[in-house]
Amino acid sequence: MKRDQSPVLPGDGSTDYARYMRTDELLALQRRPEEVLHRDELLFQVVHQSAELWLKLAGAELTAAVGRTGAADPAGAAALLARATLAVRLVTDQLEMFRHLSPVDFQTMQPALGNGSGAESPGWRQAATVSRQLGRAFAGHLATRGGGLDALAPDDPTRRLAAAMIAWDEQVHRWRARHYEVALQVGGHAPDGTPGSAATVLAKLLGHRFFPELHPGRAGVGVPVSAHSGTTEA
């Protein structure tokens, strides 16, 4: 006997999948064919809109990691941070789609963007804000334990959290580096050093780290990134 597939969830959509995932709304968020200046606007919007979704997840995991750190649960915080790091790795990987967007085509569609800038991304702004909160929570956790990371055993959960924080920092750096390349290759930005160039601003961020005191060779104690961080090099 065929199982009844009629939707039981409230909302619009012909199936429960459509209602739960809100696919009708989701797939209507891109500009319609009659609105676009160039067909690659769909590529451009899909990359950026999906990035905002992954960053929403990353921000939620980071926020939860702050709470776990404050609750003296560094192992739980490290696991959540690894999920946030993977989300940003996926955001970075999808920038490869822009290899299929030529500078000429981007210039054609650019008027549709108005004065919009990636610097206005709510996902990245939240990630930066919560990363700073995590840094403060980790410092507080260390202060509560007393002493520094050097005094902890190699397999101590607090050291694993520090490694996960470095992995997060480095994945964000990889995204920034790839985004900078895209800005030069596709966006037609003047190179770093040109007065008023957006690339100059992006280049300045390449050396930024949220947790500089944790990185090897910098002020403070370096913690090597290991398998405990739950991440893989991109």
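Only this structure's heavy atoms are used, side chains among them; waters, hydrogens and symmetry mates stay out.
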Measuring from atom [atom1] of [X] to atom [atom2] of [Y], what distance do you get when rounded to the nearest 0.5 angstrom?
X: Leu214; Y: Arg159; atom1: CG; atom2: CZ; answer: 10.5 Å
X: Gln30; Y: Glu35; atom1: CD; atom2: CD; answer: 11.0 Å
X: Gln110; Y: Asp105; atom1: CD; atom2: CG; answer: 12.5 Å
X: Arg174; Y: Thr92; atom1: CZ; atom2: OG1; answer: 8.0 Å
X: Asp40; Y: Thr108; atom1: CG; atom2: OG1; answer: 9.5 Å
X: Arg83; Y: Glu61; atom1: CZ; atom2: CD; answer: 4.0 Å

Report yes or no: does [X] contribute a side-chain atom to a donor-acceptor pair with the main-chain N or O of [Y] at less than 3.5 Å?
X: Asp16; Y: Val8; answer: yes
X: Arg19; Y: Gly13; answer: yes
X: Thr15; Y: Ala18; answer: yes
X: Arg160; Y: Asp155; answer: yes
X: Gln49; Y: Leu29; answer: yes

Tell me if the [atom1] atom of [X] is crowded by more than 12 foreign heavy atoms within 6.0 Å.
X: Arg31; atom1: CZ; value: yes
X: Arg176; atom1: CZ; value: yes
X: Asp12; atom1: CG; value: no
X: Trp54; atom1: CH2; value: no

Are any non-hydrogen side-chain atoms of [X] and [Y] less than 4.5 angstrom apart?
X: Leu134; Y: Met165; result: yes
X: Arg145; Y: His141; result: yes
X: Leu37; Y: Pro111; result: yes
X: Met97; Y: Leu43; result: yes
X: Ser50; Y: Gln94; result: yes
X: Trp124; Y: Val91; result: yes

Same cluster (ILVMFWY, side-chain, under 4.5 Å), [X] and [Y]:
X: Trp175; Y: Leu90; answer: yes
X: Leu184; Y: Leu206; answer: yes
X: Leu55; Y: Leu95; answer: yes
X: Met109; Y: Leu42; answer: no
X: Leu113; Y: Val186; answer: yes

- Query: Should the pair Arg125-Glu120 be classified as a salt bridge under the 4.0 Å nitrogen-to-oxygen rule?
  - Reply: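 Not counted as a salt bridge, because no side-chain N and carboxylate O are separated by less than 4.0 Å.
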Can you name the closest pair of heavy atoms from [X] and [Y] and give their distance?
X: Pro74; Y: Thr158; answer: CG-OG1, 3.7 Å
X: Leu80; Y: Arg68; answer: CD1-CG, 3.7 Å
X: Ala167; Y: Thr85; answer: O-CG2, 3.7 Å
X: Leu81; Y: Ala65; answer: N-CB, 4.5 Å
X: Ala84; Y: Leu62; answer: CB-CG, 4.1 Å
X: Ala112; Y: Glu41; answer: CB-OE1, 3.6 Å

- Item | Distance flag, aromatic centroids of Phe44 and Phe106, threshold under 6.0 Å |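 Close enough - the centres of the two rings lie under 6.0 Å apart.
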- May I ask you to check whether Phe211 and His215 place their ring centers less than 6.0 Å from one another?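 For Phe211 and His215, the ring centres are not under 6.0 Å apart.
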- Parallel, tilted or perpendicular, as decided by the 30° and 60° cut-offs, for the rings of Trp168 and Phe210: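 Parallel: the ring planes of Phe210 and Trp168 meet at under 30°.
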- Task: Say whether Arg136 and Gln133, considering side chains only, have a donor N or O and an acceptor N or O under 3.5 Å apart.
- Result: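 Judged by distance alone, the side chains do not pair up.
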